[in-house]
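Remarks on the structure that follows.
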Amino acid sequence: MDRKRISRLGKRCVISCVALLALVACKEKPQQELKEELAVVKEEKPKDIYEFGFKLNDYIVKRDTVKSGDSFGYILERNNIGYSKIYQISEKTKDSFDIRKINIGQPYTLLCSKDSLETPRCFIYQPNKEEYVVVNLQDSIHAYTRRKPIKYVEKEYSGIITSNISQTLDDDGLSLILAYKMSDIYAWTIDFTRLQKNDRFKVIYTDKYIDDTIYAGIDKIKAAYFEHNKEPFYAFEFETDTVKGITDFYNEEAKTLRRAFLKAPVEFSRISSRYNLNRRIALYGNKVRPHKGTDFAAPIGTPIMATANGTVTKSSYTGGNGNYVKIRHNKMYETQYLHMKKRKVKVGDFVKQGDVIGWVGMTGNTSGPHVCYRFWVNGRQVDPFKQKLPAAEPISDNLKVRYLDFIKPIRKQLDAVPFKEENTQTTEQDLITQAY
C-alpha cells in the first residue's frame with residue numbers, strides 16, 4: 001500500500017472519529033439544553049402591526065404625502081387604478097368624503113394587495129393629526145372618518161412677564177397657543193398688548209397626545225390666575241349647560257369675565273385705522289371720506305372670529321367689501337367683517353362667540369391685509385369702542401352654589417403652583433387621564 005493511499009485512509013479515520021465523538025457528545029447533552037438550542041435557531045414570528053383599524057401585515061403599505069399637482073384621482077391612477085373605477089369611487093363616496101379637499105403636505109397611506117400587481121385596497125388620508133379618512137376601494141366602495149386615540153395630560157405652569165407673554169412661554173418651550181387662549185379668557189379684563197414687566201401668572205391646562213407620544217397641541221385651559229399691575233384675576237372654566245355643552249370662564253366670585261362682544265375679531269392684532277367720520281384721504285384729493293369701521297391689521301390667513309353669538313345674514317362678495325360676512329346678534333346689534341381671503345360660513349348659520357367665520361385677506365378695496373370690523377346699533381353704524389356693551393349672561397343663581405363648590409379644589413391646586421421666584425424650575429406636574 002503506497003504512502004498516498006495510507007494518508008487518505010488516515011484522514012478518513014480522523015474525520016470519522018471526530019463525527020463519532022460529536023454524535024456521542026450530542027447524545028450525552030440533556031434534552032432541555034437541546035430544546036433551548038433549537039429555540040434559538042427557530043425564526044421568530046413577526047409581530048402583528050395594527051393602524052387605522054387594519055392589520056398592516058396583510059398588506060403592502062405605501063406611505064406618502066400629497067404633493068403639488070396631486071389629486072385623489074391622479075394618486076390612484078399612478079397606483080394602477082383605471083379612470084372608470086376612480087369615477088365610480090368618487091361618486092359612491094361624495095357624501096362622506098370630498099375628494100377635492102386633499103391638501104398639499106398632508107400624509108396618505110395606500111394598503112395594497114400582497115401580490116405582483118400590488119392593487120390598492122384602501123386609501124387613507126390624514127387631514128390633521130387627530131383624524132383620518134378611510135376610503136375602501138374594493139367591491140363595497142365606501143368612506144368614513146375616524147379619530148385616533150388621544151391621551152389628555154393635565155399640566156401646570158407659572159411664568160413672569162419680562163417683555164410679553166409670548167416671549168415668556170417661548171423661553172420655556174411652551175406653545176404660543178396657550179397665550180392666545182389666555183388672551184381670549186381675559187379679553188375684557190386684561191389688555192395683553194399692555195402687560196407690565198413682572199406681571200405674573202399661573203395656569204392649569206391640558207395637552208393632547210396621539211398614540212401616547214405624538215404631541216397634538218393644547219386642548220383647553222382648566223383654570224388660570226393672572227396678577228396684572230399687582231391686581232389678581234382668577235378664571236375657572238365651568239359648564240353652564242350640559243345639554244348644549246356651553247362652557248365659560250368665571251372668577252372666584254362666580255362673576256363672568258366676558259362681555260357679550262369680543263373687543264376684536266382677530267387675536268394679537270393692531271388697529272391700523274379707527275372709526276372716523278371726518279377722515280380725509282390724500283389719494284382722493286383730501287376729500288372727506290368717512291370710515292365707519294375699525295381696521296385690524298393682521299397677516300393673510302389669520303382666523304377671523306365672530307365677536308358674539310348670532311346668525312349669519314350675509315356671506316357674499318362685492319367690489320368694495322371683497323369677501324364679507326354680516327351677523328345679526330339680536331334685535332339691537334349687528335356686526336360685519338370685510339376683505340376676507342375666504343369665508344367659512346353661509347347665510348343662516350348660527351355662530352358662537354369666538355367661532356372662526358373666515359380668514360384675513362386683501363379682497364375688495366384695500367391696500368394691505370386686514371379685517372374691517374363694522375358695528376351696528378339699532379341699524380346705525382357706530383364706533384364699538386365708544387359703546388357701553390352689555391356683559392355676557394351671568395351665571396344663574398341656581399348654579400352659583402354648585403360653581404363655588406366646584407372651584408374649591410381647583411383653586412387650592414392653582415394656589416399651590418409656585419411662581420418661579422419660589423421655585424427656579426418650571427413646574428409641570430403631569431396628571432394623566434385617558435380618553436379614547
Side-chain angles (χ1 to χ4, degrees), residues 38-153 207-217 219 301 341-346 356 359 434-436:
L38 289 172
V40 171
V41 174
K42 188 178 179 181
E43 186 178 348
E44 289 187 7
K45 183 181 177 181
K47 293 181 180 179
D48 292 339
I49 302 172
Y50 290 89
E51 192 177 3
F52 308 116
F54 293 89
K55 184 180 175 182
L56 300 188
N57 310 60
D58 297 338
Y59 303 91
I60 293 174
V61 181
K62 299 180 180 179
R63 300 181 189 268
D64 206 342
T65 57
V66 180
K67 296 178 175 60
S68 178
D70 277 354
S71 65
F72 176 74
Y74 181 64
I75 291 170
L76 295 188
E77 189 270 333
R78 197 166 60 212
N79 286 275
N80 304 317
I81 292 184
Y83 292 118
S84 59
K85 181 68 178 289
I86 292 170
Y87 177 77
Q88 184 184 9
I89 294 166
S90 64
E91 283 296 300
K92 288 191 175 183
T93 61
K94 63 183 179 181
D95 292 334
S96 49
F97 175 52
D98 189 344
I99 63 172
R100 298 169 298 176
K101 293 184 177 180
I102 61 170
N103 299 319
I104 295 173
Q106 295 304 115
Y108 67 86
T109 303
L110 283 166
L111 303 183
C112 305
S113 59
K114 296 183 80 170
D115 54 30
S116 59
L117 296 177
E118 297 184 9
T119 306
R121 301 297 188 193
C122 194
F123 173 84
I124 302 163
Y125 173 67
Q126 295 174 255
N128 53 59
K129 289 181 179 180
E130 297 179 24
E131 295 179 314
Y132 59 92
V133 181
V134 176
V135 182
N136 190 320
L137 307 175
Q138 300 182 80
D139 295 335
S140 177
I141 298 170
H142 62 281
Y144 57 88
T145 301
R146 292 286 186 272
R147 294 177 70 87
K148 291 187 174 183
I150 299 175
K151 179 175 72 176
Y152 295 88
V153 182
D207 270 342
K208 296 184 293 184
Y209 292 87
I210 297 171
D211 296 330
D212 288 342
T213 57
I214 303 171
Y215 181 65
D219 178 48
K341 177 183 178 181
K342 188 178 179 181
R343 292 170 276 124
K344 190 182 180 183
V345 294
K346 60 183 183 298
V356 175
W359 294 270
Q434 296 281 351
Y436 294 98

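Only heavy atoms go into these numbers, but all of them, side chains included; no hydrogens, no water, no symmetry mates.
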> Which is it for Asn103 and Val66 under the side-chain contact (heavy atoms from CB on, under 4.5 Å) test, yes or no, and what are the steps along the way?
Replying inline: CA-CA 7 Å; Asn103 299 319; Val66 180; over 6 Å; no
Does a side-chain heavy-atom distance below 4.5 Å link [X] with [Y]?
X: Ile86; Y: Glu77; result: yes
X: Phe52; Y: Thr109; result: yes
X: Leu110; Y: Leu76; result: yes
X: Glu51; Y: Lys148; result: yes
X: Val61; Y: Leu111; result: yes

Return yes if some donor-acceptor pair links the side-chain N/O of [X] with the main-chain N/O of [Y] below 3.5 Å, else return no.
X: Asn57; Y: Lys47; value: yes
X: Gln126; Y: Tyr132; value: no
X: Lys85; Y: Leu137; value: yes
X: Glu130; Y: Arg147; value: no
X: Ser96; Y: Ala143; value: yes

>> Suppose we screen for side chain to side chain donor-acceptor pair (under 3.5 Å). Which residues come up paired with Asn80, at least two apart in sequence or across chains?
In response: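 Not a single residue meets the side chain to side chain donor-acceptor pair (under 3.5 Å) criterion with Asn80.
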>> A quick test of your reading: do over 12 heavy atoms of other residues, nucleotides or ligands sit less than 6.0 Å from NZ of Lys341?
In response: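 Not buried by this count: 12 neighbours or fewer within 6.0 Å.
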> Does a sphere of radius 6.0 Å around OH in Tyr87 hold more than 12 heavy atoms from other residues, nucleotides or ligands, not counting ones at 6.0 Å or beyond?
Replying inline: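 At most 12 heavy atoms, drawn from other residues, nucleotides or ligands, come within 6.0 Å of this atom.
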>> Taking the ring centre of each residue, are Tyr125 and Phe72 less than 6.0 Å apart?
In response: no
>> Aromatic contact between Tyr209 and Tyr215, with the criterion being ring centroids under 6.0 Å apart: yes or no?
In response: yes
Between [atom1] on residue [X] and [atom2] on residue [Y], distance to nearest 0.5 Å:
X: Gln106; Y: Asp70; atom1: CD; atom2: CG; answer: 12.5 Å
X: Asp207; Y: Ile150; atom1: CG; atom2: CD1; answer: 12.0 Å
X: Ile214; Y: Lys151; atom1: CD1; atom2: NZ; answer: 11.5 Å
X: Ile75; Y: Ile99; atom1: CD1; atom2: CD1; answer: 10.5 Å
X: Thr65; Y: Arg63; atom1: OG1; atom2: CZ; answer: 12.5 Å

Looking at [X] and [Y], what are the two nearest heavy atoms and their distance?
X: Lys129; Y: Ile210; answer: O-CD1, 2.8 Å
X: Cys122; Y: Phe54; answer: SG-CZ, 3.7 Å
X: Pro127; Y: Glu131; answer: CD-O, 3.5 Å
X: Tyr50; Y: Lys55; answer: CE2-CB, 3.5 Å

> Can you name the side-chain contact (heavy atoms from CB on, under 4.5 Å) partners of Asp139, sequence neighbours left out?
Replying inline: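 Result, side-chain contact (heavy atoms from CB on, under 4.5 Å) vs Asp139: none returned.
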> Quick one: salt bridge (charged side-chain N to carboxylate O under 4.0 Å, His left out) pairs with a partner in residues 112-125, sequence neighbours left out?
Replying inline: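 Salt bridge (charged side-chain N to carboxylate O under 4.0 Å, His left out) check on residues 112-125 returns Lys62-Glu118.
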> Should Phe97 and Ile102 be marked as a side-chain contact (heavy atoms from CB on, under 4.5 Å) after you check the CA-CA gap, both sets of side-chain angles, and the distance that decides it?
Replying inline: CA-CA 10 Å; Phe97 175 52; Ile102 61 170; 3.9 Å; yes
